[in-house]
Amino acid sequence: MKRMTSEIGVWSVEFLRRDGTWGLVTVASSQPPTKSQIVNAICDLDDGYHYIVADVFMGAVDDMVADAFFEMNGVQVRNVDRVTI
């Protein structure tokens with residue numbers, strides 16, 4: 001039996017908040033993170049910021065909801081890099 005494997009990488013995502021402060025999250029994924037993965041990572045931060053969450057079920061966010069999250073919260077993703085260990 002052939003085993004399927006995929007290489008999971010770690011991605012760093014730098015983002016700018018409306019107030020001008022920077023944030024950093026990491027996402028584990030075999031490909032660059034999707035918008036919904038980035039939104040989930042930002043919402044999981046315990047950084048003292050309160051974000052307007054567009055969907056109660058954040059794990060099921062589609063791109064349209066993720067775009068609304070970024071717009072409502074003034075969050076701009078500035079950089080996505082694969083972390084090399």
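For the pair Arg17 and Tyr49, the distance from NZ or CZ to the six-membered ring centre is under 6.0 Å and the angle to the ring normal is within 45 degrees.
Side-chain contact between Ile8 and Ser29: absent, with no pair of heavy atoms (C-beta onward) separated by less than 4.5 Å. Under the 4.5 Å side-chain criterion, counting only non-hydrogen atoms from C-beta, Val10 is not in contact with Val27.
Within 6.0 Å of CD on Gln76 lie more than 12 heavy atoms contributed by other residues, nucleotides or ligands.
In terms of heavy atoms, Arg82 sits closest to Ser30 at NH1-O, 4.4 Å. Here the closest heavy-atom approach between residue Met72 and residue Arg18 is recorded as O-NH2, 2.6 Å. In terms of heavy atoms, Ile52 sits closest to Phe69 at O-CD1, 3.3 Å. Here the shortest heavy-atom pairing between Trp11 and Pro32 reads CZ2-N, 3.5 Å. For Ala66 against Ser36, the heavy-atom pair with the smallest separation is CB-N, 4.2 Å.
Side-chain atoms of Asp81 do not come within 3.5 Å of backbone N or O of Ser12 as any donor-acceptor pair.
Taken to the nearest 0.5 Å, the CZ atom of Phe15 stands 7.5 Å off from the OG1 atom of Thr21. Taken from CZ in Phe70 to NZ in Lys35, the straight-line distance is 7.5 Å, to the nearest 0.5 Å. Taking CD1 of Ile38 as the reference point, atom OG1 of Thr26 lies at 11.5 Å (rounded to 0.5 Å).
Put simply, Val39 and Leu16 are part of two different groups of oily side chains (I, L, V, M, F, W, Y) that touch within less than 4.5 Å, one to the next. Linking ILVMFWY residues whenever their side-chain heavy atoms come closer than 4.5 Å, directly or via other members, leaves Leu24 and Val75 in distinct clusters.
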